[in-house]
Amino acid sequence: MPELPEVEVTRLSLVDRLRGAEIAGVRVGKPLRWPLGCAPSTLVGRRLLDVNRRGKYLWFALGARPGVAADDGGLLLHLGMSGSLNLSTHAEPPGPWDHFDLATSHGLLRLTDPRRFGAAVWSSSRDEGAAGKLLAGLGVEPLEAGFTAALLHARLRGRRVAVKQALLAGDIVVGVGNIYASEALFLAGIDPRTPGHRISLARCERLVDAVRAVLARAVAVGGSTLRDFRDAHGLGGAFQNEARVYGREGEPCTTCGGTVRRIVQGQRSTYFCPHCQRR
DNA sequence: ATGGGTACCTGTCTGC
DNA sequence: TGCAGACAGGTACCCA
């Protein structure tokens with residue numbers, strides 16, 4: 001499920017309500033991708049200072065336990081393919097897909113994740129330990145100033161893989177997943193099969209603009225809800241209704257009327273219009 | 001360094 | 001109706 005827009009929508013839907021909350025209890029269900037990495041008691045009594053996002057990861061900054069010096073840390077959360085977070089004031093009993101609960105003074109934060117590719121990992125610092133290892137090597141944030149055509153062009157040089165796979169890899173730019181990679185390449189008019197190193201600087205400019213536009217628009221409409229994505233209040237997104245190519249194999253291109261094609265790249269579906277998108 | 005493939009896990013949909 | 005197979009929003013890790 002969740003690409004950058006869904007993760008950001010999730011963050012926006014809970015950060016104001018959760019900031020300042022005190023953790024009262026932790027419940028761990030079936031194993032997620034990685035173990036929590038600490039005893040539940042390590043978290044209890046801490047205050048939630050802030051919720052930040054890095055790529056598709058969320059970082060819940062946690063203050064020190066009362067009376068314990070230099071004890072700060074945080075939780076790194078990932079929603080995997082099928083995860084979502086919900087914040088509620090009345091705690092219902094956990095369902096079969098609810099694998100992580102944080103009971104707080106401001107409500108129950110619950111991670112629901114049928115496929116269990118998601119994770120909640122304790123780390124004493126965002127830049128070191130478990131979190132540091134997972135966040136190391138991530139590319140630039142697409143909605144920040146560092147994502148430029150010059151950077152994209154430089155980083156694509158010497159890459160023979162298709163530009164779509166280079167976008168997905170996450171070491172150049174983060175947060176662009178399978179839906180938005182197809183959508184951005186459509187907007188930029190670039191054939192997803194084009195080798196990375198063959199993308200000119202001028203086309204990198206269009207691609208940077210397209211990635212930014214697609215992600216910003218998706219955040220604005222609450223992300224894409226294909227199946228199970230919900231924000232922390234249970235609201236679904238609407239971007240799936242305005243996708244130009246993703247999931248539209250065999251349907252007419254909204255620009256030229258030609259037929260949208262589906263191909264497989266790196267075991268993932270790619271959708272594109274062969275007429276509007278050129279190498 | 002790059003690239004290709006596998007693995008993790010469960011639900012839903014399609015076609016026979 | 002049953003069942004096998006394909007497919008699904010991600011990404012760390014192993015091996016060439």
Side-chain angles (χ1 to χ4, degrees), chain A residues 1-11 29-35 37 53-58 76-85 95-100 111-121 130-139 142 154-184 193-198 211 214-215 218-219 221-231 236-243 245-250 262-271:
Chain A
M1 150 229 111
E3 306 182 28
L4 182 147
E6 291 74 31
V7 177
E8 180 65 8
V9 164
T10 298
R11 189 187 74 82
K30 288 173 98 174
L32 293 167
R33 179 157 193 183
W34 299 292
R53 181 188 56 74
R54 177 75 175 97
K56 299 170 192 167
Y57 289 92
L58 288 172
L76 192 69
L77 262 71
H78 199 289
L79 301 179
M81 289 276 264
S82 57
S84 60
L85 285 173
W97 302 331
D98 298 332
H99 304 302
F100 183 74
L111 174 62
T112 303
D113 184 4
R115 292 181 74 180
R116 291 192 280 128
F117 289 166
V121 177
K133 193 176 171 191
L134 289 168
L135 299 179
L138 291 187
R155 295 294 313 275
L156 284 175
R157 189 165 18 199
R159 288 238 197 169
R160 314 189 77 81
V161 281
V163 60
K164 194 260 190 166
Q165 289 169 270
L167 279 181
L168 277 186
D171 57 333
I172 299 178
V173 59
V174 293
V176 183
N178 209 37
I179 297 176
Y180 301 110
S182 280
E183 292 298 310
R193 299 166 294 188
T194 314
H197 66 98
R198 298 245 319 269
V211 166
V214 161
L215 296 180
V219 171
V221 299
S224 296
T225 298
L226 299 188
R227 157 163 309 164
D228 43 22
F229 172 70
R230 303 273 138 181
D231 75 6
F239 189 86
Q240 70 282 359
N241 300 321
E242 45 188 275
V245 287
Y246 186 85
R248 299 191 62 245
E249 180 185 19
R262 172 185 173 274
I263 58 174
V264 174
Q265 295 181 288
Q267 285 102 271
R268 315 292 304 278
S269 289
T270 301
Y271 299 87

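Quick caveat, the model's predicted, so the values are computed rather than measured. In what follows, every chain begins at residue 1, and chains take the letters A, B, ... in the order their sequences are listed.
Counting any heavy atom pair closer than 4.0 Å across all strands shown, A:Gln165 reaches no nucleic acid atom. In this structure, A:Arg268 reaches the bases: a heavy-atom distance under 4.0 Å links it to at least one base atom across the strands shown.
With a 3.5 Å ceiling on both atom-pair distances, C:dG9 lacks any Watson-Crick or G-U wobble partner.
Close to C:dA12, at under 4.0 Å from its OP1 or OP2, lies no side-chain N or O of A:Trp34. The phosphate of B:dT10 (OP1 or OP2) has a side-chain N or O of A:Lys30 nearer than 4.0 angstrom. Phosphate contact (OP1/OP2 of C:dT11, side-chain N/O of A:Lys56, threshold under 4.0 Å): present. In terms of phosphate contacts, A:His78 brings a side-chain nitrogen or oxygen within less than 4.0 Å of OP1 or OP2 of C:dT11. For C:dA8, the OP1/OP2 oxygens have a side-chain nitrogen or oxygen of A:Ser269 closer than 4.0 Å. For the OP1/OP2 pair of C:dG9 and a distance below 4.0 Å, the side-chain nitrogens and oxygens of A:Arg115 include no atom meeting the criterion. In this model, the phosphate group of C:dC7 is approached by a side-chain N or O of A:Arg262 to a distance below 4.0 Å at OP1 or OP2. Within the structure, a side-chain polar atom (N or O) of A:Tyr57 is placed less than 4.0 Å from OP1 or OP2 of C:dA12.
Defined by atom type and a distance below 3.5 Å, a donor-acceptor pair is present between the side-chain atoms of A:Thr112 and A:Asp98.
Within 3.5 Å, no donor on the side chain of A:Arg160 pairs with an acceptor on the base of B:dT2, nor the reverse. One cannot find a donor-acceptor pair under 3.5 Å joining the base of B:dC9 and the side-chain atoms of A:Arg116.
In terms of position on DNA chain B, the residue among A:Trp97 and A:Arg155 whose nearest nucleotide sits closer to the 5' end is A:Arg155.
One P atom belongs to B:dC9, the other to C:dC3, and the distance between them is 24 Å to the nearest Å.
Both thresholds, 5.5 Å between centres and 30° between ring planes, are met by A:Phe117 relative to the base of B:dC8, so the two rings are stacked.
For A:Pro114, the side-chain atoms get nearest to B:dG11 when compared with the rest of C:dC13, B:dG11, C:dA8.
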